[in-house]
Amino acid sequence: MTTVLFLSGSPSFSSKTEKLLRQIEEAFQNKGASTFFYSVTDVPPADLVFAHFNSQAVASIIKKVEEADVIVIGSPIYKASVTGVLKSLIDLFPERSFEGKTILPIATGGTLAHYLALGYSFTPVLQTLGATTILKSIFILDNHLKRTEIGVEIVSKEGKERIDKAVEQLTNNSVGVKP
């Protein structure tokens, strides 16, 4: 069984990005995957600001990173990069934490120009943590996400197709994921 860890980099409790990640988590669960979900809001702010490497909250996330086959990591794009709070969390992970993991980066943003942030600022950070299997990033424009009573709806056909394809790939063991 595939174990998928979700990391949300959104500092907002009403985030479209986090709701999108929850929707993707449900798709993985429907395919039989075991999932865990963490948000940067699960970590005490002082642990992130003061780089508390001995944080219990961070240790709990690191333990799940070790157990995961796949890591779906999502963030809104602010000022041409993933959120600073996500970067602060990742900075507390041990070197090579993502070694042997399949990574699916997901981002949301207000303009297509933000798509470049995934390749120029996010992918190098993931590679520094040892990730070698990084799927093509999924970027969804904010105006392609519509809030609903239960979460968000992706109103872009292309966005839905990219997410469905990634979930299918990852649950069918076609990118180096353990059965």
Side-chain angles (χ1 to χ4, degrees), residues 1-11 15-44 47-48 51-77 82-108 117-119 121-140 151-152 162-179:
M1 174 189 301
T2 302
T3 301
V4 185
L5 173 67
F6 287 81
L7 287 175
S8 171
S10 178
S15 167
K16 286 182 186 177
T17 304
E18 188 153 324
K19 290 179 183 347
L20 175 62
L21 289 174
R22 291 284 186 184
Q23 183 177 336
I24 297 168
E25 178 186 30
E26 187 175 319
F28 273 101
Q29 291 169 342
N30 290 340
K31 294 279 190 176
S34 173
T35 65
F36 299 95
F37 196 104
Y38 288 97
S39 170
V40 292
T41 60
D42 295 329
V43 180
D47 290 355
L48 299 172
H52 290 157
F53 285 91
N54 61 349
S55 162
Q56 289 294 65
V58 174
S60 175
I61 296 170
I62 290 169
K63 183 175 179 1
K64 293 302 181 189
V65 165
E66 291 168 357
E67 296 172 9
D69 303 306
V70 175
I71 299 172
V72 178
I73 186 165
S75 178
I77 302 295
V82 296
T83 61
V85 70
L86 177 60
K87 180 65 168 68
S88 293
L89 174 61
I90 291 173
D91 285 345
L92 297 175
F93 289 3
E95 203 170 308
R96 318 284 320 146
S97 290
F98 289 172
E99 192 168 66
K101 312 296 178 191
T102 300
I103 311 294
L104 174 60
I106 297 178
T108 60
L118 290 163
S121 68
F122 200 32
T123 299
V125 171
L126 300 174
Q127 290 170 330
T128 298
L129 287 171
T132 54
T133 306
I134 303 173
L135 299 185
K136 183 177 179 183
S137 300
I138 296 175
F139 180 80
I140 307 284
V152 294
R162 287 193 313 268
I163 289 170
D164 290 346
K165 181 179 177 183
V167 170
E168 191 66 33
Q169 254 187 321
L170 291 168
T171 54
N172 284 333
N173 196 29
S174 60
V175 287
V177 179
K178 299 174 196 170

Measure across [X] and [Y] and return the closest heavy-atom pair with its distance rounded to 0.1 Å.
{"X": "T41", "Y": "P11", "value": "CG2-O, 3.7 Å"}
{"X": "F28", "Y": "V72", "value": "CE1-CG2, 4.2 Å"}
{"X": "I62", "Y": "L92", "value": "CD1-O, 3.8 Å"}
{"X": "T35", "Y": "Q29", "value": "OG1-NE2, 2.8 Å"}
{"X": "S121", "Y": "V125", "value": "O-CG2, 3.3 Å"}
{"X": "K64", "Y": "F36", "value": "NZ-CE2, 3.4 Å"}

To the nearest 0.5 Å, tell me how far S10 OG sits from L20 CG.
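It comes to 11.0 Å.
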To the nearest 0.5 Å, what is the distance between CD (E18) and OG (S8)?
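OG of S8 is found 3.5 Å from CD of E18.
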Would you indicate whether the side-chain heavy atoms of [Y] and [X] approach each other to under 4.5 Å?
{"X": "L7", "Y": "V40", "result": "no"}
{"X": "T171", "Y": "T2", "result": "no"}
{"X": "I103", "Y": "I73", "result": "yes"}
{"X": "S34", "Y": "V4", "result": "no"}
{"X": "L170", "Y": "L104", "result": "yes"}
{"X": "V152", "Y": "Q23", "result": "yes"}
{"X": "L89", "Y": "V43", "result": "yes"}
{"X": "Q169", "Y": "L135", "result": "yes"}

Checking T132 against E99: is there a side-chain donor and acceptor pair closer than 3.5 Å?
no
Under 3.5 Å: donor-acceptor pair, side chain of [X], backbone of [Y]:
{"X": "S60", "Y": "Q56", "result": "no"}
{"X": "T123", "Y": "L118", "result": "yes"}
{"X": "T128", "Y": "P124", "result": "yes"}
{"X": "T83", "Y": "L86", "result": "yes"}
{"X": "S55", "Y": "H52", "result": "no"}
{"X": "S15", "Y": "T17", "result": "yes"}
{"X": "K101", "Y": "G130", "result": "no"}

Assess whether side chain to side chain contact (heavy atoms under 4.5 Å, CB included) is satisfied between V70 and T3, documenting all intermediate values.
CA-CA 6 Å; V70 175; T3 301; over 6 Å; no
Salt-bridge criterion met for E168 and K165 (N-O under 4.0 Å)
no
Validate the cation-pi geometry between R22 and F37: distance from NZ or CZ to the six-membered ring centre under 6.0 Å, angle to the ring axis within 45°.
yes
Output, in order, the C-alpha distance, side-chain angles, deciding distance and verdict of side chain to side chain contact (heavy atoms under 4.5 Å, CB included) for L5 and V65.
CA-CA 7 Å; L5 173 67; V65 165; 3.3 Å; yes
Are F93 and L129 close enough, and set up right, to give a side chain to side chain contact (heavy atoms under 4.5 Å, CB included), and what steps lead you there?
CA-CA 8 Å; F93 289 3; L129 287 171; 4.2 Å; yes
Report the C-alpha separation of I77 and T108 in whole Å, then their side-chain angles, then the decisive distance to 0.1 Å, and conclude whether the side chain to side chain contact (heavy atoms under 4.5 Å, CB included) test is met.
CA-CA 6 Å; I77 302 295; T108 60; over 6 Å; no
